[in-house]
Amino acid sequence: GNSVTQMEGPVTLSEEAFLTINCTYTATGYPSLFWYVQYPGEGLQLLLKATKADDKGSNKGFEATYRKETTSFHLEKGSVQVSDSAVYFCALTLQPGGYQKVTFGTGTKLQVIP
Amino acid sequence: NAGVTQTPKFRVLKTGQSMTLLCAQDMNHEYMYWYRQDPGMGLRLIHYSVGEGTTAKGEVPDGYNVSRLKKQNFLLGLESAAPSQTSVYFCASSSTGGRSGYTFGSGTRLTVV
């Protein structure tokens, strides 16, 4: 089956530090890859996505590159802020059309301290 | 610009009571989903719908029922609540089967005592 593995948290960083959250996947087909973010007390929000190999998704200073050769989709940000404190979920869904189950990772909590 | 709205936001039930959680979306999405989120378990799919009048079971459907009588609404029912159903419930919707990403509601925190 399909699965997503994220690094264990929590991750604690000082403001302006560089962030990497690792995500690797296994899939029976050709997946689309996503990062979602969940701020305290809220639902998940789509942060970025990539649909084919070597695509780079980016949003709000976050980036992730679809690496088919290493089956990875690591999330990075050059300089984190306190407001980035949240739980980050990596996810995948298979293509093509119709309903395809979304497989979520278990989430990585990020805490940014001033 | 409401997106996905869930009601209620919080609820405490006694064991054996019933309740319905309402999810409404204003984006004309075909697909809707109910998830539960528990510590250490991530998100687990309860039921989903691929269009008005359709429903299907997800990973953890036991103890829950759903209905999608109108395209914009997706109801989750608990007929006889159990403490194991204490969780945070999220509704989501999407225009395609998931490839464009999901829009989530802000959640319902349910406690069964």
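Sequence lines set the chain letters: A, B, ... in the order given, protein chains first and strands last, and positions in each chain run from 1.
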Of the listed B/Ala56, B/Ser94, B/Ser100, B/Gly107, the one with the largest count of heavy-atom pairs under 4.5 Å with chain A is B/Ser100
Would a 4.5 Å heavy-atom cut-off, applied to side chains only, mark B/Leu22 and B/Thr5 as touching? no
Tell me whether the rings of B/Tyr102 and B/Tyr33 are parallel (<30°), tilted (30 to 60°) or perpendicular (>60°). parallel
Sort B/Glu59 into side chain, backbone, both or neither according to what part of it lies under 4.5 angstrom from a heavy atom of chain A. side chain
Starting at CD of B/Gln72, measure out to CE of B/Met32 and round the result to the nearest 0.5 Å. 8.5 Å
Contact class of B/Gln6 relative to chain A, heavy atoms under 4.5 angstrom: neither
Enclosure of A/Glu8 CD (heavy-atom neighbours >12, cutoff 6.0 Å): no
Largest heavy-atom contact set with chain A, pairs under 4.5 Å, which of B/Gly58, B/Cys91, B/Gly101, B/Ala92: B/Gly101
